[in-house]
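Computed from heavy atoms alone, side chains included, the values below leave out hydrogens, waters and symmetry copies. All values reported here derive from a predicted model rather than from experimental measurement.
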Amino acid sequence: MITRTSIIAEVKATVVEKTEEGIKSREVEVTVEKCTTPEKAEIALSKIFKKAIVDINEIVFYADKRIMSESDFEKHSALKEHKALTPEEVAHINNSRKRG
């Protein structure tokens, strides 16, 4: 089995921005993928809401673990590279793999 874990953040924030009617404040809920810290969430929200002040009210991190069988992986993936390995390279790959 092949597993992959992705960490996402669900962020509730207040966005204060200047509009034609004046300064407006609104509450937003945003999901930020590949986010592991509040600082990264703040950077992502500042990119989404340009020229606005973003204040994070609440943030919850989730780990989404996905699993796929070896046969499904073979069916639904493309071969990127096929190269010969030295015994040292094989040992390095085996030592670097995370199990569990």
Side-chain angles (χ1 to χ4, degrees):
M1 290 296 213
I2 298 168
T3 60
R4 177 150 196 174
T5 302
S6 301
I7 298 177
I8 61 169
E10 289 188 0
V11 183
K12 292 182 181 178
T14 304
V15 177
V16 180
E17 55 195 340
K18 186 176 179 182
T19 65
E20 294 173 359
E21 294 87 36
I23 296 176
K24 298 286 183 177
S25 176
R26 61 186 170 124
E27 302 293 321
V28 296
E29 293 184 21
V30 180
T31 300
V32 183
E33 296 183 9
K34 298 179 184 176
C35 181
T36 56
T37 66
E39 293 79 16
K40 287 184 180 182
E42 192 170 330
I43 291 168
L45 266 62
S46 67
K47 288 180 180 179
I48 295 169
F49 302 103
K50 294 180 180 171
K51 299 181 182 180
I53 298 171
V54 178
D55 183 32
I56 294 177
N57 301 329
E58 182 181 332
I59 186 166
V60 179
F61 295 99
Y62 292 97
D64 290 346
K65 185 177 258 188
R66 297 183 177 269
I67 190 165
M68 182 182 276
S69 68
E70 295 281 341
S71 61
D72 283 345
F73 183 77
E74 292 289 327
K75 283 185 219 172
H76 300 290
S77 64
L79 181 63
K80 179 181 178 183
E81 181 179 35
H82 181 76
K83 71 173 191 173
L85 299 174
T86 65
E88 292 81 16
E89 290 171 320
V90 172
H92 176 72
I93 290 169
N94 284 333
N95 290 334
S96 68
R97 287 189 171 164
K98 295 180 181 178
R99 302 284 183 205

Report summary line: All heavy atoms of Ala13 vs all of Val54, minimum pair found to be CB-CG1, 4.1 Å
Requested in this report: Could you state whether Val60 and Ile56 fall into the same hydrophobic cluster, counting links through intermediate Ile, Leu, Val, Met, Phe, Trp or Tyr residues with side-chain heavy atoms under 4.5 angstrom apart?
Outcome: no
Requested in this report: Identify the two heavy atoms, one from Thr36 and one from Phe61, that lie closest to each other, and give their separation to 0.1 Å.
Outcome: C-CE2, 3.6 Å
**Report entry** For Leu79, the rest of its hydrophobic cluster, which grows through side-chain links under 4.5 angstrom
**Finding:** none
**Report entry** Residues clustering with Val90 (ILVMFWY side chains joined when closer than 4.5 Å, directly or via others)
**Finding:** Leu85, Ile93
Requested in this report: Can you sort out the partners of Glu27 under side-chain hydrogen bond (donor to acceptor under 3.5 Å, both in side chains), two or more places apart, ordered by chain and number?
Outcome: Thr14, Asn57
Report task. Quick one: which residue pairs count as a salt bridge (Lys or Arg N to Asp or Glu O under 4.0 Å) with a foot in residues 2-14, not counting sequence neighbours? Result -> none
Query raised in the report: Quick one: salt bridge (Lys or Arg N to Asp or Glu O under 4.0 Å) pairs with a partner in residues 30-46, sequence neighbours left out?
Result: none
**Report entry** Hydrophobic cluster identity match, Ile53 and Val28, side-chain contacts under 4.5 Å
**Finding:** no
Requested in this report: For Ser77, enumerate each residue passing the side chain to side chain contact (heavy atoms under 4.5 Å, CB included) test, keeping only those at least two apart in sequence or located in another chain.
Outcome: Phe73
Report summary line: So the salt bridge (Lys or Arg N to Asp or Glu O under 4.0 Å) pairs with at least one residue in residues 47-58 (sequence neighbours excluded) are none
Query raised in the report: Which pairs count as salt bridge (Lys or Arg N to Asp or Glu O under 4.0 Å) when at least one residue sits in residues 67-85, sequence neighbours excluded?
Result: Asp72-Lys75
Requested in this report: Check salt bridge (Lys or Arg N to Asp or Glu O under 4.0 Å) between Glu17 and all other residues, then give those that pass, not counting sequence neighbours.
Outcome: Arg26
Query raised in the report: side chain to side chain contact (heavy atoms under 4.5 Å, CB included) with Ile23: which residues, sequence neighbours excluded?
Result: Val16
Query raised in the report: Can you name the residues that form a side-chain hydrogen bond (donor to acceptor under 3.5 Å, both in side chains) with Ser71, not counting sequence neighbours?
Result: Ser69
